[in-house]
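Take a look at the structure set out below.
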Amino acid sequence: MLFNSIAFVIFFPVVIAGYFLLPSKYRNAFLLLSSCYFYMYFNPVYILILAYTIAVDFYAGIQIEKNIGHRSKQKKWLYASLVANLGALAFFKYAAFILANFSLLFHWSMPPSNSIFANIVLPIGLSFHTFQAISYTVEVYRGKQKAERNWLVYSLYVMFFPQLVAGPIERPQKLLHQFKEHHVFTYDNFSMGMKWILWGLFKKMVVADNLSTIVDAVYQHPQNYQGYTLIIATILFAFQIYGDFSGYSDIARGTARVLGFDLIINFNMPYFSKSFSEFWRRWHISLSSWFKEYVYIPLGGNQKWFFRNVFVTFALSGLWHGANHTFLVWGILNGLLVFANKYMNPWFAKLPAILAIIITFIGIDFCWIFFRAATMHDAFYIIGNLFNNLQLSSLLQIPVERHLWLISGAMLLLMLGIEWFVKDSNLSDRWHEAKPVQRIVFLNFLLFIILFFGVFEHRTFIYFQF
Amino acid sequence: MAAIKKILIRLLLVTSPFWAFCCYLEYKLNGIENSYSYKMKEFVANEKASEILVLGNSEMLKGLNPSYLTSKGFNMAHVSQTYSIDEKILESYLDSMPNLHTIILGLSYLSFGENLETGEEAWRTAFYEKHYKLNLNQGFELKNYAAIFRYTPYESLKIFLSGFKTNLTNGFQPNGYLLVPANEKGALADTNAEERATAHTLGLKEKNIKNSTEALGQIIQMLAQKNISLWLVTPPLMKNYEGYLDRKWVVENQHLLDSIVKNTMPRAFVVTPETVNYPSFSANDFSDVNHLNESGAQKFTRYIDSLIEIQVTQ
């Protein structure tokens with residue numbers, strides 16, 4: 001179910017009412033059923049994959065805890081969990097990619113188009129809930145988290161619908177205990193949650209979806225364009241994906257908040273970062289910290305083999321996003337930027353803040369070319385033609401209505417302006433500082449903008465494909 | 001419960017300016033005349049007396065002017081109107097037309113491969129639901145219930161900013177025909193012909209054929225039961241546009257037509273440039289590469305009328 005759909009507008013109030021009207025002992029069961037319905041709305045069959053990984057991880061967690069003092073047995077159960085989770089991920093996400101690469105390298109013949117490998121459909125949100133499940137068994141193995149004995153609570157940890165299909169990827173220490181607490185419906189939670197949802201809808205439906213019309217027109221046929229058209233489309237994509245994904249995270253956070261749950265902040269104004277490493281501390285924070293805790297630090301962190309560690313971490317992060325060479329290159333390029341950052345830090349620090357922000361944005365945005373391009377060929381064409389035929393009039397060749405430029409530009413500035421205004425504090429604080437009249441005007445203005453300038457075609461979120 | 005009550009009241013109060021504006025806009029939009037409400041209003045006024053009904057897509061809407069028919073006629077064709085919509089119109093209104101003896105149904109390049117309900121023009125379905133009272137089984141769609149979504153929120157805002165003075169019935173005549181006086185500069189150009197033909201071909205989908213052929217079959221059956229003649233007619237096209245059409249679809253359309261119409265109904269007549277000799281149409285008769293203008297429609301309607309009259313007198 002999409003957050004920006006009529007189905008969700010009906011689903012969510014039903015869940016709120018059901019959850020708070022039921023006695024405490026039935027609430028988790030109700031929340032799990034609601035989450036199952038939410039997930040099955042996309043594709044009912046894939047709930048079986050979730051059921052399978054939940055069963056394996058739940059049992060593995062208990063076994064790991066039971067075998068404290070027997071490291072080898074614990075390790076065996078940890079590996080069982082990793083194999084189950086990563087195996088599902090490998091099969092559904094990477095099988096076709098791996099086969100294609102092997103066939104290219106060793107001149108194997110590809111499986112026929114009607115074979116199972118050629119027709120695998122990636123279950124929605126698989127990468128997200130797999131990583132969340134892995135963090136649970138690893139934390140139990142490390143002794144930082146007690147194994148969960150209540151299957152309902154553990155199932156909810158993996159399947160809690162606000163963050164089931166696109167995160168944030170939570171840690172067990174932050175989320176698990178919340179399913180054991182009694183949540184009360186409060187005005188503050190509802191009010192703040194709804195504001196997050198509204199702000200997320202604005203970022204998604206108004207900013208990202210309007211920008212996507214322009215970006216898609218160029219990136220679907222990049223060979224038709226050169227110069228400024230490619231540059232502008234690439235810049236706009238940076239903001240499209242930000243609006244899309246951070247908008248999703250805001251809606252997820254707001255939805256959870258209304259129900260009394262607290263989810264991690266996933267984005268912290270990343271495009272105002274003054275260095276590449278700072279960007280990665282502010283962008284998709286839940287995934288960045290996952291890779292840091294479970295890949296980068298175990299590899300040695302910045303103590304030894306820094307380059308290798310960064311390279312491996314970012315290459316894996318790239319592959320996590322998609323089974324395509326473009327994502328791999330995107331990850332590696334970002335890794336190189338972060339590696340270079342370490343040696344450029346003193347130089348970066350001397351720069352005026354605005355210049356550091358612009359340089360960081362240019363570097364990050366250049367990498368987005370590989371993320372957005374459909375193929376490596378497209379990406380290289382775009383890079384090769386970024387500065388060819390630099391004529392502003394070429395922008396008018398993009399087959400979109402002219403008012404869309406105006407709306408997209410104005411809404412983008414509005415989004416960045418508000419984020420800049422809120423910076424260094426949070427939306428909640430700023431909201432409470434404002435006068436009642438200001439709040440009412442802003443709220444109505446936001447509703448007005450979403451209704452009249454939003455895209456109501458139920459466009460899916462970019463990160464759903466991961 | 002007290003907390004919920006408090007929240008709902010506050011929510012309503014705080015957002016009341018927004019809702020007030022939406023209600024005002026919705027009220028005003030519902031009062032606007034559009035081409036669908038206008039056609040339906042005129043149709044209701046003419047249905048008892050009409051002897052000929054024209055159905056089909058924009059080629060028929062702009063190509064057949066009932067004023068030039070000997071019998072009293074009404075043009076119920078509309079932009080991108082497909083056979084499944086034509087069938088539902090007949091299903092709903094055939095019984096209210098006691099004098100009807102002939103249906104003139106468009107037969108175009110788009111007839112079998114297009115589906116209004118799923119294509120680019122799907123936004124029009126809400127207007128059929130609202131004004132024609134057709135049940136198109138679209139499921140729950142906001143546009144079926146709110147004018148703001150029917151016109152799209154952005155267009156609704158534009159209509160509001162124009163002071164609700166937008167004319168959405170420009171050129172529509174009381175007999176349902178859409179009058180286009182002449183062609184605009186460049187409308188007949190070769191580049192336009194290629195662009196339109198390519199766009200039309202892209203809109204054709206194999207999966208739509210079943211639905212279209214079944215709908216046409218239903219129309220034939222319905223009319224046979226009522227002893228009403230069916231004329232399947234193809235309005236003339238500019239040669240440059242015809243040249244860019246996909247031959248595969250042209251052949252397939254012909255094949256489908258043959259298999260459906262032949263032997264299914266004794267009173268079905270097919271009028272295409274391949275079956276009869278059309279009068280000559282020049283560039284001055286077209287408003288664009290696949291639509292006639294006022295003079296072309298006059299010429300074409302008179303020609304079709306002469307064929308019908310021959311048949312009637314026989």
Side-chain angles (χ1 to χ4, degrees), chain A residues 4-11 13 16-21 183-195 197-198 205-206 209-210 213 258 260 399 401 403-404 406-408 411 431 434 436-458, chain B residues 1-26 28-29 118-126 138-162 191-192 194-196 198-199 202:
Chain A
N4 54 335
S5 68
I6 293 293
F8 187 74
V9 172
I10 299 164
F11 169 84
I16 299 171
Y19 185 73
F20 287 110
L21 289 174
H183 298 280
V184 181
F185 184 80
T186 67
Y187 176 77
D188 282 347
N189 276 345
F190 181 83
S191 168
M192 195 37 66
M194 290 309 287
K195 275 157 209 149
I197 292 172
L198 212 57
M205 293 170 70
V206 182
D209 287 351
N210 277 310
T213 309
V258 171
E401 291 177 59
H403 72 262
L404 196 68
L406 197 65
I407 293 174
S408 303
M411 295 305 134
W431 184 259
V437 177
Q438 290 173 325
R439 289 188 220 169
I440 291 172
V441 169
F442 181 71
L443 199 60
N444 282 281
F445 174 70
L446 208 54
L447 283 168
F448 181 89
I449 294 281
I450 291 171
L451 177 62
F452 292 105
F453 299 112
V455 176
F456 283 85
E457 291 164 14
H458 302 166
Chain B
M1 280 308 283
I4 294 174
K5 201 173 162 186
K6 179 187 164 192
I7 283 164
L8 289 178
I9 290 169
R10 280 187 75 165
L11 200 64
L12 211 63
L13 279 176
V14 166
T15 57
S16 58
F18 171 75
W19 295 116
F21 178 71
C22 288
C23 290
Y24 168 73
L25 192 56
E26 182 68 22
K28 293 292 279 184
L29 287 173
T118 55
E120 287 238 326
E121 302 280 326
W123 59 271
R124 294 179 182 276
T125 55
Q138 292 278 295
F140 181 80
E141 294 264 6
L142 277 177
K143 62 185 178 181
N144 291 338
Y145 302 95
I148 293 175
F149 286 94
R150 204 155 40 246
Y151 288 101
T152 74
Y154 179 72
E155 288 300 323
S156 301
L157 187 64
K158 271 170 65 180
I159 294 171
F160 164 75
L161 292 173
S162 75
T191 48
N192 199 31
E194 184 179 10
E195 210 170 277
R196 286 183 75 87
T198 309
L202 280 173

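Everything numeric in this text was worked out from a predicted model, so none of it was measured. Residue numbers start from 1 in every chain, and the chains themselves are labelled A, B, ... in the order their sequence lines are given, proteins ahead of strands.
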### Query
Given side chains that start at C-beta, do those of B:Phe149 and A:Leu451 come closer than 4.5 Å, heavy atoms only?
yes
### Query
Under 3.5 Å, is there a donor-acceptor pair between the side chain of A:Asn444 and the main chain of B:Val14?
yes
#### Entry: A:Ser191 versus chain B, the contacting section by heavy-atom distance below 4.5 Å
neither
### Query
Is there a side-chain contact between A:Leu404 and B:Tyr154 (heavy atoms, below 4.5 Å)?
no
### Query
Can the ring centres of A:Phe452 and B:Phe160 be said to be less than 6.0 Å apart?
no
### Message
A:Phe453: which residues meet the ring-ring contact (aromatic ring centres under 6.0 Å, His included) condition with it, sequence neighbours left out?
### Response
none
### Task
Against chain A, label B:Leu13 side chain, backbone, both or neither, depending on which of its atoms sit under 4.5 Å from a heavy atom there.
neither
### Task
To the nearest 0.5 angstrom, please state how far the CZ atom of A:Phe456 sits from the NZ atom of B:Lys143.
13.5 Å
### Query
Rounded to the nearest 0.5 Å, how far does CG of A:Leu446 lie from OG1 of B:Thr15?
12.0 Å
### Message
Restricting to ring-ring contact (aromatic ring centres under 6.0 Å, His included), what partner residues turn up for B:Tyr145, sequence neighbours left out?
### Response
B:Phe140
### Query
So how far is it from A:Asp188 CG to B:Ile7 CD1, rounded to the nearest 0.5 Å?
9.0 Å
### Part of B:Leu8 within contact of chain A (heavy atom distance under 4.5 Å)
neither
### Query
So which part of A:Phe185 gets closer than 4.5 Å to some heavy atom of chain B, the side chain, the backbone, both or neither?
both
#### Entry: Which portion of A:Ile407 sits near chain B, non-hydrogen atoms under 4.5 angstrom
side chain
### Task
Enter the distance from B:Trp19:CH2 to A:Leu447:CG here, rounded to the nearest 0.5 Å.
7.0 Å
